Amino acid sequence: MALPTWFDPLLGSLHGARAEDFTRLPTPERAGRDSAVLVLLGEEEDGGPDILMLQRAATLRNHAGQPAFPGGVADPGDADPAATALREADEEVGLDPSSVTLLAELPRLWIPASDFLVTPVLAWWHRPHPVAPRDAAEVAHVARLPVAELAEPTNRLRLRHPSGWIGPAFEVRGMLVWGFTAGVVSTLLDMAGWSRPWPQDRIGELPPSTSPSATSADPTEPA
């Protein structure tokens, strides 16, 4: 199935991409747990791209209440990161793997606080269908966030965590996207040429209701 033309700049920029393009932290050869997330781009009715995002339940032990791409820890039976990302997306929001065209694995990225080695898997949602949380104890909300709204300068800011960590963030459709997920989104916007100048001196504080403990936050600022 032919890809939308808006994919072309992004796929071209991802050729030869390195972890250093996404984070300032070097990725260790070995870490605690291999994981994968699905960076799933679909197309809106007006022809623009959107990204599937979920909000984790506030009661989770790790990354409670945080926005995230679908994904999780690899199982022994997973053939590769793509298999992990698709399996987790099915378990979390009921995503049909046959509706997805896999495109590329991004560089593995390290989240030191949780000791995850995460491989983002870029994919095209060629046959979108309704998705929703399968288990409210794990996923509170699912949304398709338009790239145009993520790139809107008034929706962008930098967010300060109580630990002192500062990184990119987005306020879109009632979701505050920050941390690892916002760092990946920010880099992809730049790579695809979708970014617009935005006020990087706009710095907010992570709300107490979403602030995790210091041990579960990502203390790195993406490049």
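We count residues from 1, following the sequence as given. Please read these numbers as outputs of a predicted model, since none were measured by experiment.
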Engineer: Distance-only, no hydrogens or angles: does the S35 side chain make a donor-acceptor pair with backbone N or O of V118 under 3.5 Å?
Structural biologist: no
Engineer: Can you measure from CG (L157) to CH2 (W198) and round to the nearest 0.5 angstrom?
Structural biologist: 7.0 Å
Engineer: Would you check if the side chain of D21 reaches a backbone N or O of R18 as a donor-acceptor pair within less than 3.5 Å?
Structural biologist: yes
Engineer: Can L145 and D50 be said to form a side-chain contact (heavy atoms from CB on, under 4.5 Å), step by step?
Structural biologist: CA-CA 5 Å; L145 301 184; D50 58 28; 5.9 Å; no
Engineer: Measuring only between side-chain heavy atoms, which start at C-beta, is E88 closer than 4.5 Å to L38?
Structural biologist: no
Engineer: Which heavy atom in A36 sits nearest to a heavy atom in P81, and how many Å separate them?
Structural biologist: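 What the structure gives for the nearest pair is CB-O, 3.3 Å.
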Engineer: I'd like to know if the side chain of E92 reaches the main chain of G71, judged simply by a donor and an acceptor atom lying under 3.5 Å from each other, with no hydrogens or angles considered.
Structural biologist: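 Indeed, once roles are kept as given, a pair shorter than 3.5 Å links the two residues.
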Engineer: Is there a donor-acceptor pair closer than 3.5 Å between any side-chain N or O of R202 and the backbone N or O of T154?
Structural biologist: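 Looks like yes, one N/O pair under 3.5 Å.
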Engineer: What verdict does the side-chain contact (heavy atoms from CB on, under 4.5 Å) test give for F69 and V39, after you've listed the backbone C-alpha separation in whole Å, the side-chain angles of each residue and the deciding distance to 0.1 Å?
Structural biologist: CA-CA 6 Å; F69 303 113; V39 184; 4.1 Å; yes
Engineer: Examine F7 and L150 and state if one hydrophobic cluster contains both, with Ile, Leu, Val, Met, Phe, Trp and Tyr joined whenever side-chain heavy atoms are less than 4.5 Å apart.
Structural biologist: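 The answer is yes; both residues are in one hydrophobic cluster.
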Engineer: Hey, mind stepping through D90 and R134 against side-chain contact (heavy atoms from CB on, under 4.5 Å) and telling me if it holds?
Structural biologist: CA-CA 9 Å; D90 180 18; R134 278 198 161 183; 3.5 Å; yes
Engineer: Does any part of the side chain of P70, heavy atoms only, come nearer than 4.5 Å to the side chain of L52, both counted from C-beta?
Structural biologist: yes
Engineer: State, to 0.1 Å, how close S186 and R156 come at their nearest heavy-atom pair, and which atoms those are.
Structural biologist: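 Heavy atoms of S186 and R156 come nearest at OG-NH2, 3.0 Å.
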Engineer: So if you build clusters from Ile, Leu, Val, Met, Phe, Trp, Tyr with side-chain heavy-atom gaps below 4.5 Å, do V147 and L11 land together?
Structural biologist: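 Same cluster.
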Engineer: Can you measure from OG1 (T119) to CG (D80) and round to the nearest 0.5 angstrom?
Structural biologist: 9.5 Å
Engineer: Less than 4.5 Å apart, side chain to side chain, heavy atoms only: is that true for V184 and V37?
Structural biologist: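 Side chain of V184 against side chain of V37, heavy atoms only: no contact under 4.5 Å found.
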Engineer: A17 and S13: which non-hydrogen atoms are nearest, and at how many Å?
Structural biologist: CB-O, 4.4 Å
Engineer: Of the non-hydrogen atoms in D78 and D75, which two are nearest, and what is the gap between them?
Structural biologist: OD2-N, 2.8 Å
Engineer: Looking at every non-hydrogen atom in both residues, tell me the closest pair between P153 and P199 and how far apart they are.
Structural biologist: O-CD, 3.8 Å
Engineer: State whether the side chain of W6 and the backbone N or O of G47 hold a donor-acceptor pair below 3.5 Å, judged by distance alone.
Structural biologist: yes
Engineer: Check whether any side-chain heavy atom of F170 sits under 4.5 Å from a side-chain heavy atom of P67, and report yes or no.
Structural biologist: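 Side chain of F170 against side chain of P67, heavy atoms only: no contact under 4.5 Å found.
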Engineer: Using the rule given for side-chain contact (heavy atoms from CB on, under 4.5 Å), can you reason through T181 versus Q66, listing the C-alpha separation, both sets of side-chain angles and the distance that settles it, and then say yes or no?
Structural biologist: CA-CA 9 Å; T181 303; Q66 291 188 27; over 6 Å; no
Engineer: Looking only at non-hydrogen atoms, find the nearest pair between A169 and L159 and report the distance.
Structural biologist: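 In terms of heavy atoms, the two residues are closest at CB-CB, 3.9 Å.
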Engineer: Mark yes or no for whether T187, through its side chain, and G183, through its backbone, hold a donor-acceptor pair below 3.5 Å.
Structural biologist: yes
Engineer: Can you get from L188 to L3 by hopping between Ile, Leu, Val, Met, Phe, Trp and Tyr side chains that sit under 4.5 Å apart?
Structural biologist: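 Linked within one cluster.
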Engineer: Hydrophobic clustering (ILVMFWY, side-chain heavy atoms < 4.5 Å, transitive) - are V177 and I203 grouped together?
Structural biologist: no
Engineer: First locate atom CG of L54, then atom CG of L95, and finally report the distance between them rounded to the nearest 0.5 Å.
Structural biologist: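 Between atom CG of L54 and atom CG of L95 there are 11.0 Å.
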Engineer: Exactly one of R173, R144, M175, H141 should register a side chain to side chain contact (heavy atoms under 4.5 Å, CB included) with M53. Which one does?
Structural biologist: M175
Engineer: Are side-chain heavy atoms of L102 and L86 found at a separation under 4.5 Å?
Structural biologist: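 They are in side-chain contact.
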Engineer: Would a single hydrophobic cluster contain both V131 and V139, if residues Ile, Leu, Val, Met, Phe, Trp and Tyr are joined by side-chain heavy-atom contacts under 4.5 Å?
Structural biologist: yes
Engineer: For A74, is there any backbone N or O sitting under 3.5 Å from a side-chain donor or acceptor partner on D34?
Structural biologist: no
Engineer: Do any N or O atoms from the side chain of H129 and from the backbone of D96 form a donor-acceptor pair under 3.5 angstrom?
Structural biologist: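 Side chain of H129 to backbone of D96: a pair is present.
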Engineer: Just verifying a value: how many Å separate W124 CH2 and L41 CG, rounded to the nearest 0.5 Å?
Structural biologist: 8.5 Å
